[in-house]
Amino acid sequence: MNFFRRRRVFFICVRGRPRHHSTMASAAAAAARPGVAYTLGRTLYLSVTNRSNALSILKTRGPGFVMPPSSGFALLSDPEPDASELAAIVDATYERAEIVGMGENDPGVVFAGAGEPLLRLDVVVDTIAMVRESRHGVPFRVHSNGLHEPNVAKTLANAKVDRVTVALATADPKQFTFLTRPNAGSPSGGDFNQLCGFIATLAEEGVDVEAVTVAAPEVDVAAARRLAESLGARAHRTREYFP
């Protein structure tokens, strides 16, 4: 199922009144262990680690960027969640949902957070598998810095991830290093060429790829968009920079 073409509409009936999927996502996130889950709009986000192999995606938004207080976002506390804990949160979000139509309005579930989720690739893949044992149509997206080897992209494709959003800071390799500081948080960090290869491999494997560029000072967003398209990304989005 394509994440952005076929979604579900969810309504919850409590005391005779319909409630949207957003209500259930917020409730499930609030009931979870602090830092493990949060919501943006109607979408449930799962955080699997605070660790990163570069400057965190949140910090690349600029020094003035903060998560909305209504999101419930917080840094993870130890221990890092396992697949069972994450799958239970997803299940709590969907368990009372009445599915209507072909899923056009289902925002799905996103792996993101303060750290780089693909540093815990096994947990991401296992969570998807556990959820889909009983809920086959739940769309999953991963938001990644893209600093990973091609085999990681192939594993995501095999796991049937619906979309991967990749942070493409710039089309300029030197500027990329300055903006993202690969290896800042881990010796497993990569470089600009690795990022490009990751996007291209995802596209070759049939994964829906969205590239995102922050409109930071001196960043040529149009050049980043052209690069994303040349690598096979199906979409490109520009995000605001917060000085």
Side-chain angles (χ1 to χ4, degrees), residues 3-4 7-52 55-81 85-100 103-117 120 123-124 127 131 135 138-145 162-167 210 212-216 235 237-243:
F3 180 70
F4 283 82
R7 301 177 180 173
R8 288 187 171 82
V9 181
F10 292 88
F11 294 94
I12 308 302
C13 186
V14 179
R15 296 182 182 178
R17 294 176 299 172
R19 289 190 180 181
H20 292 281
H21 179 267
S22 58
T23 304
M24 293 304 298
S26 297
R33 186 160 55 89
V36 177
Y38 60 101
T39 58
L40 291 173
R42 299 175 55 249
T43 305
L44 175 67
Y45 284 73
L46 300 177
S47 179
V48 298
T49 185
N50 290 332
R51 296 176 288 122
S52 186
L55 189 68
S56 75
I57 291 175
L58 296 181
K59 290 184 177 180
T60 64
R61 298 294 304 276
F65 177 77
V66 293
M67 293 289 283
S70 61
S71 68
F73 174 83
L75 291 177
L76 274 172
S77 57
D78 290 332
E80 294 179 328
E85 182 177 4
L86 297 172
I89 296 170
V90 177
D91 191 59
T93 300
Y94 285 85
E95 66 180 355
R96 296 179 62 190
E98 181 182 351
I99 301 174
V100 179
E104 290 82 0
N105 291 328
D106 180 4
V109 180
V110 183
F111 293 96
E116 168 52 35
R120 301 192 69 210
V123 172
V124 170
T127 300
V131 170
R135 304 187 186 281
V138 175
F140 282 95
R141 177 166 67 93
V142 178
H143 195 175
S144 172
N145 61 24
D162 294 274
R163 171 170 276 200
V164 179
T165 297
V166 181
E210 173 191 47
V212 176
T213 303
V214 176
R237 184 157 46 101
T238 305
R239 309 192 88 173
E240 182 180 358
Y241 179 80
F242 294 82

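Starting from 1, each residue takes its place in the sequence as its number. Any value given below was found using the heavy atoms of this structure, including those in side chains, with hydrogens, waters and symmetry copies removed.
- Between Pro139 and Asp162, the shortest heavy-atom distance links the atoms CA-OD2, 3.2 Å.
- The side-chain hydrogen bond (donor to acceptor under 3.5 Å, both in side chains) check on Ser47 picks up nothing, with sequence neighbours excluded.
- Remark: Ala30 engages no residue in a side chain to side chain contact (heavy atoms under 4.5 Å, CB included) (not counting sequence neighbours).
- When all heavy atoms are compared, the tightest approach of Arg163 to Ala235 is NH2-CB, 4.2 Å.
- Partner of Phe140 under the side chain to side chain contact (heavy atoms under 4.5 Å, CB included) criterion, chosen from Val110, Val131, Val164: Val131.
- Nearest heavy atom pair, residue Pro117 against residue His143, reads CG-O, 3.3 Å.
- Between Thr39 and Ala29, the shortest heavy-atom distance links the atoms CG2-CB, 4.1 Å.
- Counting only heavy atoms from C-beta outward, the side chains of Ile89 and Val109 never approach each other to under 4.5 Å.
- Leu58 and Ala114 get closest at one heavy-atom pair: CD1-CA, 4.0 Å.
- Looking at residues two or more places apart in sequence or on another chain, you find a side-chain hydrogen bond (donor to acceptor under 3.5 Å, both in side chains) between Thr165 and Arg141, Glu210.
- Here the CG atom belonging to Leu86 is positioned 5.5 Å from the CG atom belonging to Leu46, to the nearest 0.5 angstrom.
- Remark: Thr213 pairs with His236 by the side-chain hydrogen bond (donor to acceptor under 3.5 Å, both in side chains) rule, at least two apart or across chains.
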Please tabulate, for the side chains in residues 63-78, all donor-acceptor contacts under 3.5 angstrom to protein atoms that are two or more places apart in sequence or on a different chain.
residue, atom, partner, partner atom, Å
Ser71, OG, Pro68, O, 2.6
Ser71, OG, Phe73, N, 3.1

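- Between Pro81 and Val123, the shortest heavy-atom distance links the atoms O-CG1, 3.9 Å.
- Under the side chain to side chain contact (heavy atoms under 4.5 Å, CB included) criterion, Glu80 pairs with Thr49, Arg51, Arg120, not counting sequence neighbours.
- A search for ring pair (Phe, Tyr, Trp, His ring centres under 6.0 Å) contacts involving Tyr45 returns Tyr38, not counting sequence neighbours.
- Applying the side chain to side chain donor-acceptor pair (under 3.5 Å) rule to pairs touching residues 57-66 yields nothing, sequence neighbours excluded.
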